[in-house]
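Before any comments, here is the structure.
The figures here come from the full heavy-atom set of this structure, side chains too, leaving out hydrogens, waters and symmetry mates. So that the names make sense, note that chain A is the first sequence line, chain B the second, and so on, each numbered from 1.
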There are 2 protein chains.
Amino acid sequence: MKLTTKGRYAVTAVLDLALHCEKGPVTLADIAERQKLSLSYLEQLFSKLRKAEVVKAVRGPGGGYLLGSTTENISVSEIIDAVEEKVDATQCGGQGDCNKGMACLTHTLWQDLNDQVHGFLKGVSIASLMERSAVKQVALRQDAGPQDEPQIVTLED
Amino acid sequence: MKLTTKGRYAVTAVLDLALHCEKGPVTLADIAERQKLSLSYLEQLFSKLRKAEVVKAVRGPGGGYLLGSTTENISVSEIIDAVEEKVDATQCGGQGDCNKGMACLTHTLWQDLNDQVHGFLKGVSIASLMERSAVKQVALRQDAGPQDEPQIVTLED
DNA sequence: GAAAAGCTGAGTAATTTAGTTGGTTAAAAG
DNA sequence: CTTTTAACCAACTAAATTACTCAGCTTTTC
Ligand code: FES
Ligand code: FES
């Protein structure tokens, strides 16, 4: 099973987008700045998100990205599926053939785990994430800007 | 989140062990043969499993491995935890600090996913796996030996 | 004392990840 | 119509991780 920063970044970025796209398109530069992510890396992720129609792009000045659907209709599962090749717990990729061409002892277990994870992630929408108090708090802090950014003190000689 | 062949191999191997340890210790060589796994790799995994007391070792000729507990008391979760460093969906390792030292927008989501996966894997015991008809069938096939192993035909010149 | 098995640590090839570089288009602003 | 903005795209790279192998040691039985 694979759930790496790729998927996590994507969800974080789309959530940030959702929190800021009321007044029009949001640029990747803004998202990168707020979430401390690499702009070029985000571009790659959003390329995939656009192809999966999770987001819509607006080119040119004043452009940026918009959500491809309502916040209720975008699930975390969709976002991760768009950027990761597969969130799959099985070895065989669902083929049931990792013991010399036949099912291994634990194939059904990993399939069940797949269903479990997928079901959970499918049930979480961007809208429901936005309602969480923890998310609201973090968003508030990030929007306030870096005015009280903890300063790293380096002792120089 | 990390669920790789390491964890899958471990569960498969322990399940194989459970299915064959009635008449005494089972050697890793046997398990490797039946499950088509690398012997040296299994040795590494069982070293960790032994330290986590999931299995017991018996050295010398006639030796091998036994379960460290009853099949009802060994959960899949335990096995994976023993060999993988961590099955953790968060970026921060639970510290809540991946946005320049503070919680990122999606921290709570990954924590919830963690609970979900962990809860599921904790609920599956070796005993319950052994009762599955799919597992029984695969075990039967594997015990019958390689008599009708599908022959790979290579065209030589 | 030879063989069977477990035990251990170091090393390695392949793969994947996370990210950079260096551009090009499309659209709006001036 | 030129400049600027921001999306779009492909290729490349460094670092990390994984899935192993190899070589040798230790314990126990026959
Ligand atoms: S995981 Fe599907 S056959 Fe082994
Ligand atoms: S995943 Fe924990 S702070 Fe981001």
Proximal nucleotide (of [options]) relative to the [X] side chain:
X     : options                : value
B:P61 : D:dT28, C:dA18, D:dA7  : D:dT28
A:T4  : C:dG6, C:dT17, D:dC9   : C:dT17
B:R59 : D:dT27, C:dA18, D:dT18 : D:dT27
B:K51 : C:dT8, D:dT21, C:dG6   : C:dT8
A:K6  : C:dA5, D:dT21, C:dA18  : C:dA18
A:R50 : D:dC20, D:dC9, C:dG19  : D:dC9

>> Please compare A:T5 and B:L39 by the position of their nearest nucleotide in DNA chain C and report the one closer to 5'.
In response: B:L39

> Starting at the 5' end of DNA chain C and moving along, which residue's nearest nucleotide shows up first, B:G60 or A:G7?
Replying inline: B:G60

Just how far, in rounded Å, is [atom2] of [N] from [atom1] of [X]?
X     : N      : atom1 : atom2 : result
B:Y41 : D:dT17 : OH    : C1'   : 10 Å
A:L45 : C:dG19 : CG    : P     : 10 Å
A:L37 : C:dT17 : CG    : P     : 17 Å
B:L28 : C:dC7  : CG    : P     : 8 Å
A:L42 : C:dT20 : CG    : P     : 11 Å
B:K48 : C:dG6  : NZ    : P     : 18 Å
A:K36 : C:dG19 : NZ    : P     : 14 Å
A:Q44 : D:dA6  : CD    : P     : 20 Å

> In terms of the nearest nucleotide of DNA chain D, which residue is placed more toward the 5' end: B:E43 or A:G64?
Replying inline: A:G64

Distance-only donor-acceptor pairs under 3.5 Å for side chains of residues 68-78 of chain A, two or more places apart:
{"unit_1": "A:T70", "atom_1": "OG1", "unit_2": "A:N73", "atom_2": "N", "d": "3.3"}
{"unit_1": "A:T70", "atom_1": "OG1", "unit_2": "A:N73", "atom_2": "ND2", "d": "3.2"}
{"unit_1": "A:S75", "atom_1": "OG", "unit_2": "A:E78", "atom_2": "N", "d": "3.2"}
{"unit_1": "A:E78", "atom_1": "OE1", "unit_2": "A:S75", "atom_2": "N", "d": "3.1"}

Is the side chain of [X] donor-acceptor paired with the backbone N or O of [Y] at a distance under 3.5 Å, no angle test?
X      : Y      : answer
A:S38  : A:Y41  : yes
A:H20  : A:D16  : yes
B:R141 : A:A103 : yes
A:T12  : A:R8   : yes

> If you look at every strand shown and take non-hydrogen atoms under 4.0 Å, does B:S40 touch a base, only sugar-phosphate, or nothing?
Replying inline: base

> Reckon A:Y65 touches a base, only the sugar-phosphate, or nothing at all at heavy-atom distances under 4.0 Å?
Replying inline: sugar-phosphate

Hey, is the side chain of [X] poking within less than 4.0 Å of OP1 or OP2 on [N], counting only N and O atoms?
X     : N      : value
B:T27 : C:dA5  : no
A:S47 : D:dA7  : no
A:Y9  : C:dG19 : yes

>> Does atom CD (B:E43) have a neighbourhood of more than 12 heavy atoms from anything else shown, all under 6.0 Å?
In response: yes

